Amino acid sequence: MSPVALFSRRQSDERGLSNDVLRYDEMPEPLRVQIVHIFNDVLGSETDYDRRVSVQNAYGAIVATLRREYGVFELPPSTRRRRNTITELREFILHEFNVEHVLDAVELACRVISVHSRDHSYLGRYDGPSRAVSALDELNLRFKQHAVGYRYDVPSKQVVRIDSELIHSEVIKPALALLADPAYRGVQEEFLSAYEHYRHQRPKEALVDALKSLESMAKTIAQKHHWEYSAKATAKHLFDLLFEKELIPPMWASQYTGLRSMLESGVPTARNRLSGHGQGSEVVDVPDHFVAFALHQTAAAIVFLADAERAL
């Protein structure tokens, strides 16, 4: 179901009262309720649950996965009055205090939507595929309306944190779409791992995996063109190889001096100084905004390298 432009929302937009600062540790109740409505529409309501085994299996799989991963027999809030897994999941989404746990449930449900609910036989609907697309689109719009800084990314099948719509649409989204290619599977795993660490506030691990993804991208290109490099090659040596092989044409070398500086010392230096070689006697505090900047650099560099390689 497409969101309705209600009078109150239009007036809020006109007065400039729309949320424009993203939040990450709050999940407002109206958004939780809207998420439940979305899942009811596309995964099935309680009536559908009582009538169809496919719906029971879908909700059961989501709840069983969360129970096992959290090490519990029943998702909180605990109550003996629950009679099925659709109710258990709904109450969890509505009442769970930990926002990241709610996002876990959203991510798993979206994966089910992306795969099973697209099947015409799931609810006996001829428009199953279009309903699935509309549901995921609406979910991301609801996140945006409530200024909650996450979205479900279809190519990666993950909930990802966004720091601005511009950065996400112009930098992160193209990188994720590019890395969906099986040729970049290793790069994708490391890049998504970096974002997962970032989402769970593990900044040093995020920087390490960001560098790994950049190094893997360089190695993937080198392997494709049979360019030799040492198995122990560092980021600097790998990038030197790419410039030596004129991945960037010499006639443009001066224009890309800044880019080469970023590739050689931007993300690698951030990792080396802040996370990769021990922090000594003082605890190194890596600011969240610094990690975000490093990940944006990494995504932009990955897209650039892929485009440059295709232009060879």
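Keep in mind it's a predicted model, so treat the numbers as computed, not measured. The chain is numbered in sequence order, starting from 1.
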Q: Return the set of residues passing side-chain hydrogen bond (donor to acceptor under 3.5 Å, both in side chains) with S54 (not counting sequence neighbours), or none when no residue passes.
A: none
Q: Kindly indicate whether the side chain of H95, heavy atoms from C-beta on, has any atom under 4.5 Å from the side chain of P76.
A: no
Q: Could you tell me which residues satisfy side-chain hydrogen bond (donor to acceptor under 3.5 Å, both in side chains) with S114, sequence neighbours excluded, listed by chain and number?
A: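 S114 satisfies side-chain hydrogen bond (donor to acceptor under 3.5 Å, both in side chains) with no residue once adjacent residues are dropped.
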Q: Salt bridge (Lys or Arg N to Asp or Glu O under 4.0 Å) with R51: which residues, sequence neighbours excluded?
A: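 Testing R51 for salt bridge (Lys or Arg N to Asp or Glu O under 4.0 Å), a comparison that skips the adjacent residues, returns none.
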Q: What residues, two or more places apart in sequence or in another chain, satisfy side chain to side chain contact (heavy atoms under 4.5 Å, CB included) together with A306?
A: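 In terms of side chain to side chain contact (heavy atoms under 4.5 Å, CB included), with neighbours along the sequence ignored, A306 is linked to L178, Y184, M217, R310.
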Q: Applying salt bridge (Lys or Arg N to Asp or Glu O under 4.0 Å), name anything that partners E309, two or more places apart in sequence or on another chain.
A: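 Salt bridge (Lys or Arg N to Asp or Glu O under 4.0 Å) list for E309, sorted by chain: K224.
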Q: Are any non-hydrogen side-chain atoms of R32 and P28 less than 4.5 angstrom apart?
A: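 No, every pair of side-chain atoms sits at 4.5 Å or beyond.
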Q: Please list, chain by chain and in numerical order, all residues satisfying side-chain hydrogen bond (donor to acceptor under 3.5 Å, both in side chains) with H237, sequence neighbours excluded.
A: T234
Q: Answer yes or no: is there a side-chain heavy-atom contact under 4.5 Å between L176 and F191?
A: yes
Q: Taking side-chain hydrogen bond (donor to acceptor under 3.5 Å, both in side chains) as the test, write out the residues that go with E26, two or more places apart.
A: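 E26 satisfies side-chain hydrogen bond (donor to acceptor under 3.5 Å, both in side chains) with R23 only.
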Q: Taking side chain to side chain contact (heavy atoms under 4.5 Å, CB included) as the test, write out the residues that go with S130, two or more places apart.
A: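 Testing S130 for side chain to side chain contact (heavy atoms under 4.5 Å, CB included), a comparison that skips the adjacent residues, returns D127.
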Q: Under the ring-ring contact (aromatic ring centres under 6.0 Å, His included) rule, collect the residues that match up with Y152, sequence neighbours excluded.
A: none
Q: In chain order, what residues pass the side chain to side chain contact (heavy atoms under 4.5 Å, CB included) check against V36, with sequence neighbours excluded?
A: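 V36 satisfies side chain to side chain contact (heavy atoms under 4.5 Å, CB included) with N40, R90, I93, L94 only.
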Q: Could you tell me which residues satisfy ring-ring contact (aromatic ring centres under 6.0 Å, His included) with F143, sequence neighbours excluded, listed by chain and number?
A: none
Q: Can you name the residues that form a side chain to side chain contact (heavy atoms under 4.5 Å, CB included) with A222, not counting sequence neighbours?
A: W227, Y229, L241
